[in-house]
Colleague: 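Take a look at the following structure, please.
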Amino acid sequence: MKCTASGQPPANSEESSVPTSEKLEDGQFKDHWVLCEMERSMGYVRPVRTKYIHEKCGSITTMGRVIAETYARDPSFYGSTFCCNCHGYFPVGEHGEFIWDDDSKEKVGT
Ligand SMILES: [Zn+2]
C-alpha cells in the first residue's frame with residue numbers, strides 16, 4: 001500500500017513509478033509515492049535526512065519531510081531521486097549518484 005506525498009489521490013496505479021505523470025516547471029514530478037503514515041510510524045532504520053548531494057554536480061537538493069521519512073523507514077523504497085541543478089532523476093542506492101549532506105556521507109538509498 002502506497003500513499004502520495006501530497007496527500008492527493010493518485011492519478012496512476014501503484015505499479016507506476018509516480019502517482020501522477022504531471023511535472024513541475026523544473027522537471028520534477030508533481031507528486032511522489034511515499035510509505036503511508038501508519039507504515040512510517042513503525043520506526044526508522046536510518047535518521048530522517050532532508051538534504052542530499054548529487055555527486056556528479058555537487059549540488060544540494062532538499063526533499064519534503066514525508067519523502068525523507070520514507071527513506072528513513074525503508075532506504076530502498078526509491079530507485080532514483082531528483083537533482084534540482086541537473087533537472088532530472090538519477091539512480092540512488094549502493095551504486096547511485098547521491099550522498100546525504102551530513103557527516104555520515106552515506107549513499108542515499110542504502
Ligand atoms: Zn546534479
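For ligands, and for the atoms within them, numbers begin at 1 and follow the listed sequence.
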Colleague: How about Glu55 and Ile99: do any of their side-chain heavy atoms sit closer than 4.5 Å?
Modeller: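 Yes. Closest side-chain heavy atoms under 4.5 Å.
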
Colleague: Is there an N/O/S atom in Cys84 at a distance below 2.8 Å from the Zn ion (ligand 1)?
Modeller: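 For Cys84, the answer is no, given that no N, O or S atom comes within less than 2.8 Å of the Zn ion (ligand 1).
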
Colleague: How open is the angle at the Zn ion (ligand 1) from atom SG of Cys86 over to atom SG of Cys83, rounded to 10 degrees?
Modeller: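 My answer is 110°, to the nearest 10°.
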
Colleague: Could you pull out the atom name of the N/O/S atom in His54 that is nearest the Zn ion (ligand 1)?
Modeller: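 That would be atom ND1.
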
Colleague: Identify which one of Tyr89, Phe29, Tyr52 satisfies the ring-ring contact (aromatic ring centres under 6.0 Å, His included) criterion when paired with Phe82.
Modeller: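 With Phe82 as partner, Tyr89, Phe29, Tyr52 yield a single ring-ring contact (aromatic ring centres under 6.0 Å, His included), made by Tyr89.
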
Colleague: What are the two closest heavy atoms between Phe90 and Cys86, and how far apart are they?
Modeller: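 Scanning both residues completely, I find the closest heavy atoms to be CE1-CB, 3.6 Å.
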
Colleague: Return yes if a side-chain donor-acceptor contact under 3.5 Å exists between Ser6 and Asp31, otherwise no.
Modeller: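 Their side chains do contain a donor-acceptor pair, which is all the 3.5 Å distance test asks for.
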
